[in-house]
Amino acid sequence: MTAIIECKNLTHSYGKRLIYENLNFEVPKGRILGLLGKNGTGKTTTINILSGFLRPQRGACKIFGDDIQSMPASLRANIGLLIEGHVQYQFMTIEQIERFYSQCYPKWKKEPYYELMNKLKVAPKQRISRMSCGQRSQVALGLILAQDPELLILDDFSLGLDPGYRRLFVDYLRDYASSENKTVFLTSHIIQDMERLVDDCIIMDYGKILLQQPVKQLLETIHCYQFETDEASHIDRLIDDNELYNPTCLGKKVELYSFLTKDALVKKMHDVSIDYQHLSSAQVNLEDAFIGLTGKY
Amino acid sequence: MINIQYMIRPLFYKEWMKTRWFLLLTFIVLVGVSSYAMMVFQHAVSRKGMEHLLIMMLMRKATLVHLVKYLPIGVGLGMAIVQFVPEMHKKCLKLTLHLPFVISKSIGVMLAWGTLMLTLCFASSFLIIFGTLYGPLPSELLAQSISTLYPWYAAGFFAYFMTSATVLEPTWGWRIGYVLITALGLRIFLLSDQPFAYTHFTWEMIGLIILASTLSWQSVHRFKVGHQD
C-alpha cells in the first residue's frame with residue numbers, strides 16, 4: 001500500500017528536553033490513523049512537523065513523496081489542515097470565508113460546506129468570532145471538505161466540543177474519508193472518539209512509539225488481566241517484564257495488561273513464583289488499552 | 001506552481017476584510033486633519049495677509065503643516081496592528097502559511113497591500129496640502145513645506161514595516177529588539193522639523209525603509225520553523 005506520510009528517524013527536543021529520538025512511522029493511503037499519547041509525549045510536535053510548522057532537529061518527513069520542508073506550494077492544496085481549537089479567520093463571516101478559500105483551491109466544492117452550515121442553521125452573514133466552539137469546528141470541517149484534499153491532518157479535533165458536536169464531527173469525517181478514500185492523520189484527547197473513527201493507531205510514550213497497528217487487531221490481542229494475591233509486594237517481579245504492561249496493585253487486587261494469552265501469563269507467574277487466585281481476563285476498549293499500555297500517570 | 005496573479009485576488013480580499021474599517025477611519029482622519037491644517041493656513045492668510053505669512057515662512061522657517069506630523073506614524077503603526085494581530089491571534093498565520101501559495105510571495109502580497117493602502121492614504125493627505133498651497137505659495141516655499149512633510153510620511157512606512165515584523169515575530173528576544181530599532185529609527189526620521197533638513201538623507205531613509213520591509217520575512221521564517229522562547 002502506498003505511504004502518504006513517511007517519517008524517518010525524527011528526533012526533536014526543546015532545549016535539553018528530548019521529546020523523541022529516531023521516531024519512524026508511515027501512514028498508508030486511504031487509512032485513518034490516530035496518534036494517541038499522554039500530554040507531553042510529542043503529539044503536537046509531530047503534527048507541527050507534519051504540517052511544516054516545525055523543523056525537526058534530525059530526520060525527515062515526506063508527504064506524497066516530497067520533503068515537507070521543501071514541498072512545492074501547490075501540493076499544500078492536497079493537504080487539509082485543522083489547527084488545534086478549530087482556529088479560523090475570526091474576522092470573516094460564513095460566506096466571506098468560503099469566498100476567500102474558494103479562490104485559493106482549484107478543486108473547491110462549496111456544496112459540502114453549505115450543506116453542513118445549513119445543518120447548523122447558521123446564517124451566511126454570521127461572523128466566525130461570534131460562533132460557539134462547536135459551530136466553529138463544523139465551519140473548519142466544512143472548509144476542509146470543500147477543499148477536497150487527499151490528506152487531512154487534524155490536531156486535537158475534539159478539543160472544546162460537547163458530545164453532540166463530537167459525534168457530528170466524527171460521523172461526518174468517517175463517512176467522508178471512507179467514501180472518498182481519503183487519508184487522515186489525527187490526534188484527540190477523547191479516545192472514545194478515536195475508537196469510533198480510526199482504522200489504525202499509533203500509541204506514543206515518552207520518547208518513543210509503543211505500537212502502531214490497526215485498532216481492531218489491537219483490541220483483539222490485548223488483554224486486561226485481574227487476579228488476587230496475598231503477596232502484593234511480589235508484583236515488583238513483574239514490573240520489569242517487557243511483555244506485561246503497568247501492573248498495578250490495589251489492596252490484594254492486581255491488574256495488568258498484556259498481549260500474552262492467559263496460558264502464557266499463568267506460566268510466567270508460575271516462573272516468578274507468584275501465588276494468585278481468581279485470574280480473569282476482561283475485554284478492553286481503546287481507552288483501556290491506551291491506559292494499560294502507557295499507565296495512569 | 002501557482003502564479004502570483006492567482007494569489008493576489010484572495011489575499012487582497014482577506015486583507016481588505018481585516019483593514020476596511022481602519023482604512024475608512026484613517027482616510028477620514030488624514031483628510032480631515034490635512035484639510036483643517038489648510039483651513040488654518042487660509043484663515044491666517046485672510047486675517048494677516050499673504051505677505052506676513054511669507055515673511056514668517058522665510059524668517060522663521062514656519063511650514064504650516066505641523067498638525068500632520070505624527071499622523072503617518074500612527075497610521076503605519078495602526079495598519080500593521082490591524083493587518084497582522086488577527087493573523088497571530090491563536091496562530092491564525094498557520095492558515096495563511098498553509099495556503100497553496102509560495103510563502104514568501106504570500107507575505108510579499110500582504111505587505112504590498114499595506115504599502116499600497118498607506119500610499120493611497122498619504123497621497124490623499126499630501127494632495128490636499130499640495131493642492132491648497134500650490135497656488136498661493138511661491139515654488140521655493142512650497143518646496144520648503146513639502147521637504148518638511150516627506151520624512152513624516154517616510155516615518156509612517158518605516159513604522160508600518162517595523163510594527164509588522166514585531167507583530168509577526170514569534171520570539172520575545174527579537175520582538176524587543178525590533179521595538180528598540182523602531183524607536184531609534186523613528187527618532188532619526190523625526191530629528192528635525194527644519195525645511196530641507198533631510199534633503200541629503202533621502203536615500204538613507206529609503207534604505208532604512210527597504211531594510212525594515214525585509215524583517216517581516218525573517219519573522220515569518222522563524223515562525224515557520226518553530227522558533228519559540
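With a 6.0 Å radius and a threshold of 12 heavy atoms from other residues, nucleotides or ligands, Tyr14(A) has its OH atom above the threshold. Within a 6.0 Å sphere centred on CH2 of Trp174(B), other residues, nucleotides and ligands contribute 12 heavy atoms or fewer. More than 12 heavy atoms of other residues, nucleotides or ligands sit less than 6.0 Å from atom CZ of Arg127(A). Residue Phe201(B) places its CZ atom among more than 12 non-hydrogen atoms of other residues, nucleotides or ligands, all under 6.0 Å distant. Under a cut-off of 6.0 angstrom, the local environment of NZ in Lys119(A) is sparse, with at most 12 non-hydrogen atoms contributed by other residues, nucleotides or ligands.
Against chain B, the residues from residues 81-94 of chain A that qualify, each with a non-hydrogen atom under 4.5 angstrom away, are Leu81(A), Ile83(A), Val87(A), Gln88(A), Tyr89(A), Gln90(A), Phe91(A), Met92(A) in number order. Contact residues of residues 138-152 of chain A toward chain B are absent (heavy-atom distance under 4.5 Å).
Distance check: Leu99(B) CG to Tyr101(A) OH gives 6.0 Å after rounding to the nearest 0.5 Å. For the atom pair CD1 of Ile97(A) and NZ of Lys14(B), the computed distance is 10.5 Å after rounding to the nearest 0.5 Å.
Contact detail for Arg99(A) and Tyr13(B): the closest heavy-atom pair is NH1-OH, 3.3 Å. In plain terms, the two heavy atoms of Phe100(A) and Leu11(B) that are nearest each other are CE1-N, 4.4 Å. Of all the heavy atoms in Arg76(A) and Ile103(B), the pair that sits closest is NH2-CG1, 3.7 Å. Contact between Cys104(A) and Pro10(B) at its shortest, heavy atoms only, is SG-CB, 3.7 Å.
For Arg20(B), the part lying near chain A is the side chain, with the backbone staying farther off; criterion is any non-hydrogen pair under 4.5 Å. Contacts of Ile79(A) with chain B are made by both backbone and side-chain atoms, with heavy-atom separations under 4.5 Å. In this structure, the portions of Thr96(B) lying under 4.5 Å from any heavy atom of chain A include both its backbone and its side chain.
Using modelled atom types, no side-chain atom of His98(B) and backbone atom of Gly52(A) make a donor-acceptor pair closer than 3.5 Å.
Chain A forms more heavy-atom pairs under 4.5 Å with one residue of His227(B), Lys224(B), Lys90(B), Lys91(B) than with any other, namely Lys224(B).
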Going through the distances and angles, do Lys94(B) and Asp155(A) end up as a side chain to side chain contact (heavy atoms under 4.5 Å, CB included)? CA-CA 13 Å; Lys94(B) 284 184 178 182; Asp155(A) 189 9; 6.0 Å; no

